[in-house]
2 protein chains.
Amino acid sequence: MPRQVDHDRRRRQIAEAVWRLAARGGLEDVTLRQVATEAGVSARLLQYYFGTRDELLLGALEILNDDAEQRARERLATLGGAPGMHAVVRGVLLELLPLDAERRNRHLVYAAYFVRFLADPVLGKVARAAPHALENLVAGLIAQGQELGQVSRDVDAAAEATFLVAGADGIQATVLLGQRTPEEAVALIDHQLARIFTATIRG
Amino acid sequence: MPRQVDHDRRRRQIAEAVWRLAARGGLEDVTLRQVATEAGVSARLLQYYFGTRDELLLGALEILNDDAEQRARERLATLGGAPGMHAVVRGVLLELLPLDAERRNRHLVYAAYFVRFLADPVLGKVARAAPHALENLVAGLIAQGQELGQVSRDVDAAAEATFLVAGADGIQATVLLGQRTPEEAVALIDHQLARIFTATIRG
DNA sequence: ATTTTTATGGTGCGATCGAACCATAACATC
DNA sequence: GATGTTATGGTTCGATCGCACCATAAAAAT
């Protein structure tokens, strides 16, 4: 076994090139040659690490998903000792907004893939996994908030959770298009959260 | 002036082919040859009516926008004599959902164009026009509802309007991905509207 | 009937695409 | 040091792309 090279590192390096190109010009611009140039490797290497172009697109998406989950966990972990339901839900929703270059790029990549998700069953499967889990997570957090008296019993936790996630997603698009600043987006989220989490200033 | 042919009709015929292809496989699949085949005309005709490929993409988008606006007006006109604010807002929001093949296709086309909107200033200008107007429209309707006592004075009309539009947009995406049925989507919208339009059954 | 403008089809060119193929440098193992 | 596997670069091929160019049918204008 010669020439041990960190395969995951190489794959990530190539995947990041795919992301940049997809975010910049859509999947049309993700050609093997452009990816190779952007990643600073030879085109042959793409075949070696990913195989065909479709497999490259799939692989880059999987790595992006793993990345998103890990970053989200990291950021949620920085919320402090006992965050409280309000803060946690806020953290989850803010993960959907393009508040920094990394998140902005990620959501642009998802946008570039979107239509493909419908046509390609394999990609679709990968894409459909995440959002539903998010809604359930938020719904559970709101329900916990009800147990703790931070949320009125009158609210429909599942319905509100779904609409919060969908709303954050919709606001994300407007920020990407430059119709709204990130600050305005956060304010809109906070406005809705203040409505749902009535009985809380801290937590 | 010979051979008078309905130019608009021809352009629409070609534009519809662009929409179908874009909805099916993204802008990558919108090649001149494929569009020509899909529209049942010669590739030469695309050049004649639209010019370059970029101009074709722009033209097809403009026609789509005009179409969307006209269809929305038509549907709103069928709401009956004195619709009331609740029903009008509902009608506007439902226009954002893929409740039939036409609306589904339209939103898929927008999705296919999305990343382009950021890179191409011309396309971006066309795309940015619509949504902001929608939010203002809904905000105005909610404000009118407040005047008429159908909406509490406590609600922030602008903030709620924005979140309603964004939420409808986000829900739209989940319906397109098959994560939610159109009926569930409508129910979610109605749930939010029932919260905002408190004092109304016939509204 | 001739002319002129509009509308349409076909064909060819240079560039680029995805992917298969061929070569070989690097290195662990024996 | 010989050997065999892993990792990388380069080249080539058939297909397809956008688009420019050439031809001509159809009909209004003269």
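Labels below follow one simple rule: chain letters A, B, ... track the order of the sequence lines, proteins then strands, and each chain is numbered from 1.
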Note to self: Using the rule given for side-chain contact (heavy atoms from CB on, under 4.5 Å), can you reason through A:Glu184 versus A:Thr174, listing the C-alpha separation, both sets of side-chain angles and the distance that settles it, and then say yes or no?
What the structure shows: CA-CA 11 Å; A:Glu184 291 169 336; A:Thr174 68; over 6 Å; no
Show the numbers, then the answer: is there a side-chain contact (heavy atoms from CB on, under 4.5 Å) between B:Asp190 and B:Leu193? CA-CA 5 Å; B:Asp190 279 333; B:Leu193 288 180; 4.2 Å; yes
As a quick check of understanding, evaluate side-chain contact (heavy atoms from CB on, under 4.5 Å) for A:Arg90 and A:Val186, giving each step before the final call. CA-CA 9 Å; A:Arg90 185 173 189 269; A:Val186 173; 3.4 Å; yes
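Atom pair A:Arg33:CZ and C:dA15:C1' shows a separation of 10 Å (rounding to whole Å applied). Rounded to whole Å, atom P of D:dC17 lies 17 Å from atom CD of A:Gln34. What separates CG of A:Leu32 from P of C:dA20 is a distance of 11 Å, to the nearest Å. Summarising the geometry, the separation between CG on A:Asp29 and C1' on C:dT16 is reported as 13 Å, rounded to the nearest angstrom.
Close to D:dT8, at under 4.0 Å from its OP1 or OP2, lies no side-chain N or O of A:Tyr48. The phosphate of D:dA7 has neither OP1 nor OP2 within less than 4.0 Å of any side-chain N or O from A:Tyr49. Contact annotation: B:His7 does not reach the phosphate of C:dT6 (side-chain N/O to OP1 or OP2, under 4.0 Å).
A:Gln192 and A:Arg195 share a side-chain donor-acceptor pair at under 3.5 Å. For A:Arg44 and A:Gln47, the side-chain atoms include no donor-acceptor pair closer than 3.5 Å. Side-chain contact, B:Arg10 with B:Gln13: a donor N or O sits under 3.5 Å from an acceptor N or O.
Ring orientation note: the planes of B:Phe163 and A:Phe163 are tilted relative to one another, at an angle of 30° to 60°.
Within residues 112-123 of chain B, no residue has any heavy atom under 4.0 Å from DNA chain D. For the contact set between residues 52-63 of chain B and DNA chain D, defined by any heavy atom under 4.0 Å, the members are B:Thr52, B:Arg53. Taking every heavy atom of residues 37-46 of chain B and every atom of DNA chain D, pairs under 4.0 Å involve B:Arg44, by number. The stretch residues 11-25 of chain A has no heavy atom under 4.0 Å from DNA chain D, so no residue of it qualifies as close.
The side chain of B:Thr31 has D:dG18 as its nearest neighbour among C:dT8, D:dG18, C:dC17.
Salt bridge A:Glu95/A:Arg71: absent, no basic N to carboxylate O contact under 4.0 Å.
Residues B:Arg180 and A:Thr162 have side chains in contact (heavy-atom distance under 4.5 Å, counting atoms from C-beta outward).
At least one test fails for B:Arg128 against the ring of B:Phe117: distance under 6.0 Å to the centre or angle within 45° of the axis.
In terms of modelled atom types and a separation under 3.5 Å, the side chain of A:Gln150 and the main chain of A:Thr198 share no donor-acceptor contact. With A:Tyr113 contributing its side chain and A:Ala22 its backbone, the two residues share no donor-acceptor pair below 3.5 Å.
With sequence neighbours excluded, the residues that form a salt bridge (Lys or Arg N to Asp or Glu O under 4.0 Å) with A:Arg12 are A:Glu16, A:Asp67. B:Phe114 is linked by a ring-ring contact (aromatic ring centres under 6.0 Å, His included) to nothing, counting only residues two or more places apart in sequence or in another chain.
Within the 4.0 angstrom heavy-atom criterion, no nucleotide atom of any strand lies near A:Val35. Using a 4.0 Å heavy-atom distance criterion, B:Arg10 is classed as a sugar-phosphate-only contact.
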